[in-house]
J.: 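Sharing a structure below in structure tokens format, with a few things to ask.
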Protein chains: 2
Amino acid sequence: MARAGLTVERLARAGAELADEVGFDQVTVTALARRFDVKVASLYSHVKNSQDLRTRIALLALRELADRAADALAGRAGKDALAALGGVYRDYAREHPGRYEAAQLRLDPETAAASAGVRHAQMTRAILRGYDLTEPDQTHAVRLLGSVFHGYVSLEMGGGFSHSAPDTQETWTRILDALDALLRNWPAPAP
Amino acid sequence: MARAGLTVERLARAGAELADEVGFDQVTVTALARRFDVKVASLYSHVKNSQDLRTRIALLALRELADRAADALAGRAGKDALAALGGVYRDYAREHPGRYEAAQLRLDPETAAASAGVRHAQMTRAILRGYDLTEPDQTHAVRLLGSVFHGYVSLEMGGGFSHSAPDTQETWTRILDALDALLRNWPAPAP
DNA sequence: GGCGTTTGCCTAAACCTATTAGGTGAATGC
DNA sequence: GCATTCACCTAATAGGTTTAGGCAAACGCC
């Protein structure tokens with residue numbers, strides 16, 4: 001009986017590829033077993049269950065995304081950094097739609113706290129050091145940037161902006177312009 | 001044989017309730033049949049299949065959301081209208097998390113075009129009439145607002161901002177302030 | 001190099017969910 | 001009062017998930 005050489009890491013990686021090919025919600029223990037030419041039950045020696053598998057794929061995607069972001073941010077500041085971070089999310093979603101979906105999976109609090117998710121928040125906060133925001137405003141701005149990037153990418157991926165002029169690249173750069181302007185001139189609370 | 005009185009509308013409505021209770025991805029033909037105390041196969045006289053059922057729930061949610069938005073926008077303009085629209089999305093997601101998830105379902109283009117989704121875009125555009133934006137910029141701004149609202153609500157729902165100070169209500173109002181300021185002073189393209 | 005232990009994969013079986021085909025009986029319409 | 005339609009049924013197939021228990025290859029050890 002030849003062994004297929006399954007490991008948790010290989011399963012997660014293959015699951016991520018499968019997600020990009022057929023969509024994250026189509027990633028199934030059965031499909032993954034087929035891909036390794038192995039019986040379904042064999043996977044259960046490596047992952048606890050279907051949910052566990054999905055979680056591992058999500059963690060992989062978060063890690064990849066954070067690594068890319070760290071690379072892209074190296075040596076950049078201000079609007080340059082802002083555009084770089086946004087670009088990383090957008091490009092990753094286009095190249096790896098299934099992984100990007102996976103990164104959106106709801107994790108339970110402890111798992112989330114131990115994930116690369118915290119690096120994402122740290123990097124966003126680092127970008128804001130290039131702008132002049134005091135502490136509570138910095139948090140508000142972190143949340144705004146998270147919302148815009150996540151919201152834009154997921155709407156664009158879902159075809160929300162599809163086939164309407166002007167094209168989405170133009171909108172994307174103008175949104176980055178707008179965010180930069182906003183951060184350079186963050187308004188005081190409305191009266 | 002007593003009849004349960006199934007119709008497509010009742011199925012969609014019950015499916016929406018079920019979604020709010022157990023999550024949209026747990027809405028299954030089987031669970032819905034149980035709820036009506038009817039055999040699973042009976043539902044197939046009313047909906048084509050599981051996907052069809054989900055789509056109908058999504059369309060219901062989009063319609064409800066658009067109705068609420070139209071109500072909230074009546075008689076408002078400018079920042080008032082902006083806050084009202086955002087509030088509708090945020091409140092709906094909190095009251096009806098399953099329906100809100102459903103509203104995010106990817107629809108095929110023809111279905112989307114016939115859905116209440118177009119009313120949402122129209123309403124967002126209507127709000128922008130209170131600001132001074134020329135045509136291509138209006139589209140960019142529509143997309144920005146869509147991104148922020150959708151992104152913020154889905155991150156907040158997913159616990160993305162959880163247990164960190166300051167509280168999310170504060171952030172929400174400051175984001176509305178920021179968007180208002182941005183729209184009143186929309187920047188020209190960066191050089 | 002044989003020997004026990006661990007490890008990796010298997011078979012088998014139980015249990016969900018989705019979907020189709022082919023009924024039956026109650027309500028409806030002329 | 002009969003035909004038709006409609007609402008629901010039984011039965012069967014096909015996949016996905018998960019657990020229990022088994023066997024054989026690989027590993028550690030003397």
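Both backbone and side-chain heavy atoms feed into the values below; hydrogens, waters and symmetry mates do not. Throughout, a chain's letter reflects where its sequence line sits, starting with A, and its residues are numbered from 1.
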J.: Hey, do the aromatic rings of A:Tyr100 and A:His96 have their centres closer than 6.0 Å?
T.: no
J.: Considering only side-chain heavy atoms of A:Arg34, which listed nucleotide, C:dC10, D:dG16, C:dT20, is closest?
T.: D:dG16
J.: In what stems does DNA chain C take part, counting only runs of at least 3 consecutive Watson-Crick or G-U pairs whose two distances fall under 3.5 Å?
T.: C:1-30 with D:1-30
J.: How close or far is atom C1' of D:dT17 from atom CD of B:Gln26, stated in whole angstroms?
T.: 13 Å
J.: Do any side-chain atoms of residues 78-86 of chain B form donor-acceptor pairs under 3.5 angstrom with protein atoms, and if so which ones, sequence neighbours left out?
T.:
{"from": "B:Lys79", "atom 1": "NZ", "to": "B:Asp177", "atom 2": "OD1", "distance (Å)": "2.4"}

J.: For residues 181-191 of chain A, which residue pairs qualify under side chain to side chain donor-acceptor pair (under 3.5 Å), counting only residues two or more places apart or in two chains?
T.: A:Asp180-A:Arg184
J.: Would you classify A:Ser42 as touching base, sugar-phosphate or nothing, given that sugar-phosphate means primed atoms plus P, OP1 and OP2, and contacts are heavy atoms under 4.0 Å?
T.: base
J.: Whole-Å distance between C:dT20 P and B:Leu43 CG?
T.: 13 Å
J.: Apply side chain to side chain contact (heavy atoms under 4.5 Å, CB included) to B:Leu60 and list each qualifying residue two or more places apart in sequence or on a separate chain.
T.: B:Ala16, B:Arg63, B:Glu64
J.: Looking across every strand, which nucleic acid part, if any, lies under 4.0 Å from B:Thr28 by heavy atom: base, sugar-phosphate, or nothing?
T.: sugar-phosphate
J.: Pull out every residue in residues 15-23 of chain B that has a heavy atom closer than 4.0 Å to any atom of DNA chain D, ordered by number, or say none.
T.: none
J.: Starting at CG of B:Leu32 and ending at C1' of C:dA18, how long is that distance when rounded to a whole Å?
T.: 14 Å
J.: So B:Ala31, base contact, sugar-phosphate only, or nothing? Heavy-atom distance under 4.0 Å.
T.: nothing
J.: Please enumerate all residues that pass side chain to side chain contact (heavy atoms under 4.5 Å, CB included) together with A:Asp52, with sequence neighbours excluded.
T.: A:Val47, A:Lys48, A:Asn49, A:Arg56
J.: Which pair of heavy atoms, one from B:Leu59 and one from B:Ser115, lies closest together, and at what distance?
T.: CD2-CB, 3.5 Å
J.: By salt bridge (charged side-chain N to carboxylate O under 4.0 Å, His left out), which residues pair with B:Arg13, not counting sequence neighbours?
T.: none
J.: Which residues satisfy the salt bridge (charged side-chain N to carboxylate O under 4.0 Å, His left out) test with A:Arg94, sequence neighbours excluded?
T.: A:Glu156
J.: Nearest of C:dC9, D:dT10, C:dA12 to any side-chain atom of A:Ala41?
T.: C:dA12
J.: Can you list the residues that meet the salt bridge (charged side-chain N to carboxylate O under 4.0 Å, His left out) rule with A:Arg119, with sequence neighbours excluded?
T.: A:Asp67
J.: Taking atom types as modelled, find out whether B:Thr139 and B:Glu135 have a side-chain donor-acceptor pair closer than 3.5 angstrom.
T.: yes
J.: Select one nucleotide: of C:dT17, D:dT10, D:dA20, the one nearest the side-chain heavy atoms of B:Lys39.
T.: D:dT10
J.: Would you mind listing every ring pair (Phe, Tyr, Trp, His ring centres under 6.0 Å) that reaches into residues 101-139 of chain A, with sequence neighbours excluded?
T.: A:Tyr89-A:His120
J.: Could you tell me the separation between the CG atom of B:Leu6 and the P atom of D:dC8, rounded to a whole number of Å?
T.: 4 Å
J.: List in numerical order all residues of residues 48-59 of chain B for which some heavy atom is under 4.0 Å away from an atom belonging to DNA chain C.
T.: B:Asn49, B:Ser50
J.: With a 3.5 Å cut-off and sequence neighbours excluded, list the donor-acceptor pairs that the side chains of residues 25-33 of chain A form with protein atoms.
T.:
{"from": "A:Thr28", "atom 1": "OG1", "to": "A:Thr30", "atom 2": "N", "distance (Å)": "3.3"}

J.: With a cut-off of less than 4.0 Å, is there a side-chain N or O of B:Ser45 near OP1 or OP2 of D:dC6?
T.: no
J.: Quickly work out the A:Tyr44 OH to D:dT18 C1' distance and round it to whole Å.
T.: 5 Å
J.: Of the listed nucleotides (C:dA18, D:dT10, C:dC9), which one gets closest to any side-chain atom of A:His46?
T.: C:dC9
